[in-house]
Every structure is written in C-alpha cells, then in structure tokens.
Amino acid sequence: MTDLLPPARTLFDKIWDAHVVKTYADGTDLLYIDRHLVQEVSSPQAFAGMAAAGRALHRPDAHIAVADHAVPTKDRHVTLREGLAAAQVARLRENTAIHAIPYIPMNDRRHGIVHVIGPELGFTLPGCTLVCGDSHTSTHGAFGALAFGIGASECECVFSTQVLRQKRQRNMRVTVTGALPDGVSVKDIILSLIARIGVGGGIGFAIEYAGPAIRALSMEARMTLCNMTIEAGARVGLIAPDATTLDWVRGRPLSPLPGDEPAALRDWALLHSDPGAVFDREVEIDAATLAPHVSWGTTPEESLPVTGRVPDPAQVDDPARQARMRRSLDYMGLAPGTPLEEIAIDRVFIGSCTNGRLEDLRRAATILRGRHVANGVSAMAVPGSAQVRIAAEAEGLDRIFTDAGFEWRDAGCSMCVGMNDDRLSEGERCASTSNRNFEGRQGIGGRTHLMSPEMAAAAAIAGRLCDVRGLQ
Amino acid sequence: MIEPFIHLTAIAAPFPEGQIDTDVIFPARFLLLLEKRGLGRHLFHERRAKGGFVLDTPPWDGARILVTGPDFGTGSSREQAVWALADFGIRCVIGTSFGEIFHANCFRSCVLPIVLPPDAHARVMAAAEARQQITVDLPEQRIVLVDGEIGFHIEAHRKRSLLEGLDEVGAILRDDAADIAAFEAAQRAARPWLYLTAQQIAHFDDIKEGSE
Ligand code: SF4
C-alpha cells in the first residue's frame, strides 16, 4: 500500500521537479530557468557567442543586468572614464541595449551587487530557478529558490534557450539548533560548517539549512548563510520560505502582483521538505556552542574560533594536508602557535554580497559607536547596494562609520575581489567580511582574514584580530 | 568551433597541491579582459611569476594533461580558468575532486576532467612525476600508463559532446524547442508571477538611456 502514498520529497527536489522540461536517457534533466541575473564579468563572452552563432535572446523579461565587480566605489564619474573596467561596463550596457534587457546603471538608486539587488527588487522569489554567471548565486536560496552559479557558456545557453542541461545534486541537510550567543553571528555558523566539512565537503550536494536557529534568522542572515554555501563546495544552498521570507518579498517592485499573490502564497506554502524526506547526508550544529570565527589560512575551511592559535602543521599526520597548511602559513606570513588575537591588521573591509546589507552595517555600527579605528589601520565600509546605502544614511549609520574613522563608499563588490580600484597591496593584512581568503583575492600578495561584521569592527578598533565579545 | 577530444597522448604535469581555487588558476584582475582567446599567458599568473612553476619547467612546459590535487577549481565560477588552461594547451585535468562549476565549464571548452579514486590517482601522479607519456582514450574510457590501464567514468552526453565537439545550445534549439515552449505555456498558466508583466518592467522606465 505504501507505494500509493506520494513520496516524501526534499525542498530542493520539489523545486527541481517543477522545472524539469524533459529527462534525457542518461538521467540528466533539461531544467527550466526562470530568472537570470547578468553582470559585466561573465556576460561579454556569452553575448559574443550568441552573436557569433546568430541566435536571438529567448526571453528578454527573464534577465536583469548590473555592473558590480569592476565599478569604482568612489569618485565614479572621474574614475570610470577609460581603461579595461570602463570598457567592460560599457560592453554590458551595449549588449543589454541590443537585447532590451533592463540594465541598472551605476548612478541609479537600484544599483548594487547582483546578489543584493535581486532580492531587493523582488526578482528573487520562492520556488523559482535563478542563475547568474557568479558562484555566489547560492545567496538567493535564502528565499527558498533554487539558485546556482554558472559559467559564461551556460549564461549563453540561458540567453538562447532559457534552459540548462543539468544533473540533479544529492541532498544534504544542515540542522542548526540552539540560540546564537551574543557576539556570535550567522557568519560563524557558516565558517564553522566549512571548517568542519571542508571546501570540497559539499561538492555534488544541494544543502538545505533547517532547524530552530535557522527559523530565527532574519532574511539578511539567511542570505549570508546561503551565500557562503559555495565555499563548502555546494553550488546550491537553500532555506524553506516562512513568514520572515514573505514579509521581505511582499510589495517589492517585481514581486507577484496583487491579483497573483494568493495563488503564489498557496504555491509557496508547499515549499518545504516533507516529513520523512531522505537526505543523503545530515550535519548538525548547536549554535549555542559557537564562538566568533576568523580564518587564518587561504581557504575558508582554514578558520578557527578567535580564541585559538595559528595551527601547527607539525601536529598534522597527513603529508598533503601538512603541505597545504605550510603553504597557507607562508602566504599569510604567520607562525604556528601565534594566538589569533595577536595578529595585527592593516586594513578593514566591511561589505560584499556576504555582509554588505543593512543588518550587517547595523551590527558593525553597534561596536563602532563612540569608538575609533586604531592608529595605522585603514578601514572602509561599502554598502552592498544603493538601497542599503540610502537606508543606512537615513538612520545615521554613515556618521557612525565616518566618526569612527571609516571611509563610507558607494555600492559595489569593492575589495571583495581584486578587479577594481579597491585592493590590498603586497603583504597587507585585512580583516574582511567577504567570503574568500584565497591567495591574491583582495589584491596581489594581500592577506585576508574572514569574519563577521562585528568582528571586523572590533578588529578595526583593536588594530588586531579581536574577540568582539570583550567589546560589547 | 571546439576541437573534439578523442585520444590524447602527452606528458602530464604533476600539480599535487590541494584546494587550488580559480583565483589561483586565473587571478581576478585579468577578468577585465573581454575575450576568450589568449588567456593562457595569465594562467597561474602569480605562481608562475615566482619562477620554477611546473608548467614552465621542461618537459612539463609541453604538458597537455594536468594532474591536480583534491578540490581543484573550487571557488569562483569564472570560465576564464578553463579558457586559460585550454589556451595554454591543457586538454585534460585528472584529480580526485573538482569544483562543480569548474567541472561543468571544462566540457564547454572540450577539456576533459577525470575524477579518480585516490589509489588510481596516485598512479597517474607518479607517472606524471616520472615524466612518462600518458594516453587518455575517451572512446574506451581508460587512461593508459606505462605499467597498466585505469578506467574512468563519464556521463554519456558529456562523452558524446567531447567526441563530436557538439554545440549544446544548437542541439537544444534543434531538438527541444517544442518541449520548452510547452513547459512555458503550462508554467505561465500555473505560476504567472514568474513572468514579468509590462507593468513590472516599466519599473525601470525612468532609467535614462546612456546614463552611467
Ligand atoms: S561581492 Fe564579492 S563574492 Fe559577491 S559578487 Fe561581488 S565579487 Fe563576487
């Protein structure tokens, strides 16, 4: 009799199933893509490919374009007149004009990092499939969307066909119980998860985050969590939509129109993993046991509680692992055994699609209020979007940052990625709220320590890595 | 168009470091380039600038196969990482695990990524270090070493597209257009909010053309 019951499915499988156009003999699926965010770095070759093949854009209303990676975050009109970055941004503007794709220019009130503006516009919706030529597209899974990063050739395929041939991922569930202690944030959940399962631990999986600690998170925090899922190797991270999600989505410019809303809400109510749905891997985290984390090496998995010390490769048995650690320590200029809190920093970066939202700026401002950046430290706050900047300024956060000695910038990827004017110099060490501490990520020879916004604010004040719990 | 992949006999370069992300393979600042061609000169730019990098060391400077460590190509989705490898002349990467987007990107440039279990991978790495020629035989799905053979797995459609240098977009437009249209009609009826209306798109009407 049991085979008459509908099978229990995961959230991921439900959204996937609803987007299968056809299944091929080898088991791969042709997956329909509802929405595509377009940016300047991964799109030029995709547009060029489409032009060379003489193919049309399949559906203009499924794309929105914005330039975020290459744009300057100060003196924009002076600094983006010429050079490679200007050419790249101009190319995006031309390509989107040819294909009638909405393009949001740098000076517009809707401008910002793709993964910040998608949700702001209501372009990101529960239950949709959403792609972008950018690995942090996993961010949008926070809304119960199936969202993943793709390469430029796949962007071209979406432009021309609105589908992608894909192999379904397996299901992993990360259940987070307990309440986050003061001074500990969602960034610490994700850094500790990556430290535990490794940067390859999620390869081939879609990770669903569940449990009471996840339900208690704001949308901003959920986006931080799903954003960094790619740093665990998983292309997809997602969270079932609930009242928090609906509160965010309602009334956005591209959210369902009033006439469609009741049907959409009925549809979204089904977006959860059924009881009894089987996950191929389960991980549990007790949020109450977490401490603030910082990365010490050159992959996000090389992260530890800030109360710890730089690890010693000599105490590791696996020779490959040992070699990897030595390389990280060499690049980072760190000696084994050094207390993490004794590591002095030169720069602080608060921003990016991981931690450049209003709540992130508020959390940092709480620490900065009435304090000042340490001598010799250069710090900047870069809102993830113009909307975030406007909202932050309306509540006076910009003054808290500037009074504390931070620079307050226009929106963009900024120092998250060394391809615009905001970069570390050789050997400079940075406390950063971004997502990647890879060699050279923030500039050639730059040294990145990943952490939460409140931890980055604490580091700015102390001039070294610092446990924010002592400053609250 | 893409050069098909059938058999490849070449020296393989050993690069056993783990967790080589795409920022190391192709540093971000070169992402400002608008072309696919000529990117090989920026492949592993910082590593090569230090001197003594394996791909600049004879005989491996002529390698067409790269034997990598675990989790190769994790991180950014940049397809430039694959374009740079292909432009440099690398047609095959052999490792124990690859970043998922990197892995998918490889096929688009007819670069064959092969995932092996650790023991088989160790044999290939040893052959690379010993400067031996390796043959990758895609039709038979095997790697031929001086001292034996190793089989590997590849999805059927990936194999076919490599063997024939297939244009996937063209194939979808040719074979699947009716299915896509039917899916869209059904979805538009069931979930109309996934299709932006003229009224919604008009939200962007105040953006002045040419403004920046
Ligand atoms: S902020 Fe950083 S991670 Fe996010 S899209 Fe920009 S470059 Fe990528």
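Below, chains carry the letters A, B, ... as their sequence lines are ordered, and counting in each starts from 1.
Both the backbone and the side chain of B:Tyr195 come within contact range of chain A, judged by heavy atoms closer than 4.5 Å. Of the two parts of B:Arg37, neither the backbone nor the side chain holds a non-hydrogen atom closer than 4.5 Å to a non-hydrogen atom of chain A. Within the 4.5 angstrom heavy-atom criterion, only side-chain atoms of B:Ile172, from C-beta onward, approach chain A. Residue B:Glu46 touches chain A through its side chain alone, counting heavy-atom pairs closer than 4.5 Å. Residue B:Thr197 touches chain A through its side chain alone, counting heavy-atom pairs closer than 4.5 Å. In this structure, the portions of B:Asp179 lying under 4.5 Å from any heavy atom of chain A include both its backbone and its side chain. When heavy atoms are compared at a cutoff of 4.5 Å, A:Ala320 does not approach chain B at all.
A salt bridge links B:Glu17 to A:Arg327: one of the charged nitrogens lies within less than 4.0 Å of a carboxylate oxygen. Between B:Asp167 and A:Arg55 there is a salt bridge, since at least one side-chain N of the basic residue sits less than 4.0 Å from a carboxylate O of the acidic one.
Between the side chain of B:Asp23 and the backbone N or O of A:Arg441 there is no donor-acceptor pair closer than 3.5 Å. A donor-acceptor contact shorter than 3.5 Å is absent between the side chain of B:Glu184 and the backbone of A:Tyr32. No side-chain donor-acceptor contact under 3.5 Å links A:Arg91 to the backbone of B:Leu34. Within the 3.5 Å criterion, the main-chain N or O of A:Ser153 finds a donor-acceptor partner in the side chain of B:Glu79.
Two residues are said to be in side-chain contact when any heavy atoms from C-beta on lie closer than 4.5 Å; A:Ile203 and B:His103 fail this criterion. The side-chain heavy atoms of A:Ile444 and B:Arg29, taken from C-beta on, include a pair separated by under 4.5 Å. At least one side-chain heavy atom of A:Asp108 sits less than 4.5 Å from a side-chain heavy atom of B:Ile207. Side-chain contact between A:Val21 and B:Asp176 is absent, with no heavy atoms from C-beta onward closer than 4.5 Å.
Between B:Phe183 and A:His19, the ring planes are tilted. Angles from 30° to 60° get that label.
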Apply side-chain contact (heavy atoms from CB on, under 4.5 Å) to B:Glu100 and A:Phe148, showing your working.
-> CA-CA 11 Å; B:Glu100 226 173 298; A:Phe148 55 95; over 6 Å; no
Intermediate values then yes/no, side-chain contact (heavy atoms from CB on, under 4.5 Å), A:Arg235 and B:Ile101 | CA-CA 8 Å; A:Arg235 227 171 163 180; B:Ile101 308 176; 3.4 Å; yes
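Counting all heavy atoms, side chain and backbone alike, A:Ala152 lies closest to B:Trp83 at CB-CH2, 3.6 Å.
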